[in-house]
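Below is one structure, written out as structure tokens; comments come after it.
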Amino acid sequence: MTTTSWQDGVYAALKKAGVRQIAYVPDAGHSRLIELAHADNDMQAVVCTTEEEGVALAMGAHLGGQRACLLMQSSGVGNTINMIGLPTTMHAPFLTLITMRGEWGEFNGWQVPMGQGTEPVLKAMGVHVKRAETQAEVVDMVSAAASLAFGSIIPVAVLFSQKLIGAKVFVKEQEQ
Amino acid sequence: MSAAMTQGLDRRAVVAELLREPGDCPGGQLLVVTGLGSTTYDAGAAGDRPENFYLWGAMGGAAMIGLGVALAQPERRVLVLTGDGEALMGMGALSTLSARAPGNLAMVVMDNGQFGETGHQASHTALGTDLAAVAAACGWKTVLTCTTMEEVAALRMRLRHEVIFAVIRISPADVPRFLPPRDAAALSVRFRQALGIPAD
């Protein structure tokens with residue numbers, strides 16, 4: 001369980017940006033944000049069966065006058081490709097925070113192709129992409145991305161690099 | 001087209017009935033999200049209004065857009081009106097909606113057992129899938145299947161007061177084309193204005 005302070009800072013940044021709905025497909029790297037969202041009476045936390053649901057939820061939130069954020073991991077970006085064009089079509093804000101797999105010390109090769117494809121796919125669909133590599137920069141980057149998304153009314157993704165969140169460890173032997 | 005294929009209710013008559021007197025609804029005008037394809041045309045034909053948000057793309061997204069609206073506007077009633085093909089593409093959303101259980105959202109699937117827009121190919125609901133049973137298995141407490149206009153008439157006000165998932169068996173027969181507005185940005189702006197949301 002990761003409970004590091006930068007993730008609390010990221011949650012505070014989302015709150016400060018006025019985010020009221022958080023859609024997610026779980027990822028270990030987002031577990032603290034998900035915990036905080038569920039514990040917050042002023043936040044609607046929605047677990048999705050697939051990531052494109054979260055994009056659609058965010059568009060509904062916008063129609064209803066609320067701000068939303070989608071938490072997913074890089075492999076989920078591939079599931080969103082058609083739906084993630086919706087913010088552009090609707091001229092609606094969209095913010096997503098993406099934990100990266102398949103790029104730094106990845107143990108599981110199945111994560112590598114979509115990990116490598118995440119940024120080009122997002123850019124191909126017109127999403128503005130920011131990339132956080134260090135704990136020192138991540139909170140400010142999320143705040144800036146939220147301002148860009150909700151202020152300029154464009155789709156914005158922040159990638160949390162695998163170096164930032166740490167490569168997933170599968171067996172205890174690897175931890176030693 | 002065989003006689004069996006033309007059985008079912010007239011889709012335009014069904015939607016005209018479901019959306020009749022949309023202001024007769026708790027919290028104000030009924031908020032309607034339609035799915036890509038024929039339900040968008042049906043809702044437009046029943047009377048274009050700012051509280052209708054029509055999907056002209058994003059197939060599979062209608063239910064989740066409806067959920068986002070419902071969570072943001074808990075005092076209003078939301079109706080997701082879509083077709084069998086659109087609902088099948090977003091079938092996981094039936095589980096997500098049930099899990100989140102907004103008290104102010106109902107969903108209607110206009111089921112003709114076909115992908116009508118693309119040439120009347122048989123859909124999965126004609127090949128063994130019962131979406132009402134799927135919704136029930138996903139945890140929806142009230143699930144109905146309507147096959148008569150009397151049942152549709154009885155459904156109209158229930159959709160505005162209860163959490164219901166309803167399948168309506170409609171005819172796959174072609175109906176006259178009706179094209180409501182499709183500029184998604186303009187549709188968004190007027191929907192938000194109708195809710196009194198200030199422009200950004």
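To find a chain, count down the sequence lines: A is the first, B the second, and so on, and within it residues start at 1.
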Separation between CG (B:Leu31) and CG (A:Leu63), nearest 0.5 Å, reads 9.5 Å
What part of B:Ile197 lies closer than 4.5 angstrom to a heavy atom of chain A: side chain, backbone, both or neither?
-> side chain
Largest heavy-atom contact set with chain A, pairs under 4.5 Å, which of B:Ala93, B:Gly90, B:Ser95, B:Gly196 = B:Ala93
A:Ala149: what forms a side-chain contact (heavy atoms from CB on, under 4.5 Å) with it, not counting sequence neighbours?
-> A:Leu95, A:Val156
Connected via hydrophobic side-chain network under 4.5 Å: B:Leu94 and A:Val46 | yes
Set of residues satisfying side-chain hydrogen bond (donor to acceptor under 3.5 Å, both in side chains) with respect to B:Asp48, sequence neighbours excluded | B:Tyr54, B:Arg190
Residue by residue, scan residues 131-161 of chain B and write down, ordered by number, those that have a heavy-atom distance under 4.5 Å to chain A; if none do, write 'none'.
-> none
Between the CG atom in B:Leu187 and the OG1 atom in A:Thr89, the distance rounded to the nearest 0.5 Å is 11.5 Å
Would you indicate whether B:Arg20, at its atom CZ, is surrounded by more than 12 heavy atoms from other residues, nucleotides or ligands within a distance under 6.0 Å?
-> yes
Segment of B:Met59 engaging chain A (4.5 angstrom heavy-atom cut-off) = backbone
Linked, directly or transitively: A:Ile84 and A:Tyr24 (ILVMFWY side chains, under 4.5 Å) = no
In this structure, are over 12 heavy atoms from other groups packed under 6.0 Å from A:Lys130 atom NZ?
-> no
Pick one of side chain, backbone, both or neither for B:Arg100, based on which atoms fall under 4.5 Å of a heavy atom in chain A.
-> side chain
Where on A:Ala23 is there a heavy atom nearer than 4.5 Å to chain B: the side chain, the backbone, both, or neither?
-> neither
CG-CG distance between B:Leu55 and A:Leu86, expressed to the nearest 0.5 angstrom = 6.5 Å
Minimum heavy-atom distance between A:Met83 and B:Gly60, given as atom pair plus value = CE-C, 4.1 Å
Please list, in residue-number order, every residue in residues 72-84 of chain B that has a heavy atom less than 4.5 Å from any heavy atom of chain A; write 'none' if there are none.
-> B:Ala72, B:Gln73
Between A:Met90 and B:Leu195, is there a shared hydrophobic cluster once you connect ILVMFWY residues whose side-chain heavy atoms come closer than 4.5 Å?
-> yes
Side chain, backbone, both or neither: which part of B:Ser188 has a non-hydrogen atom closer than 4.5 Å to chain A?
-> both
Determine whether A:Val10 and A:Ile34 fall in the same hydrophobic cluster, where Ile, Leu, Val, Met, Phe, Trp and Tyr are linked whenever their side-chain heavy atoms lie under 4.5 Å apart.
-> yes
Look up atom CE in B:Met91 and atom OG1 in A:Thr50, then write down how far apart they are to the nearest 0.5 Å.
-> 13.0 Å
Counting distance only, does the side-chain N/O of A:Gln21 pair as donor-acceptor with the main-chain N or O of B:Leu71 below 3.5 Å?
-> no
Would you say B:Arg192's side chain and A:His62's backbone share a donor-acceptor pair under 3.5 angstrom?
-> yes
Verify same cluster id: A:Met114, A:Met72 (apolar side-chain graph, 4.5 Å) = yes
Heavy-atom contact with chain A under 4.5 Å, split by part of B:Leu67 | both
Identify which of A:Arg20, A:Glu53, A:Gln44 forms the greatest number of heavy-atom pairs closer than 4.5 Å to chain B.
-> A:Glu53
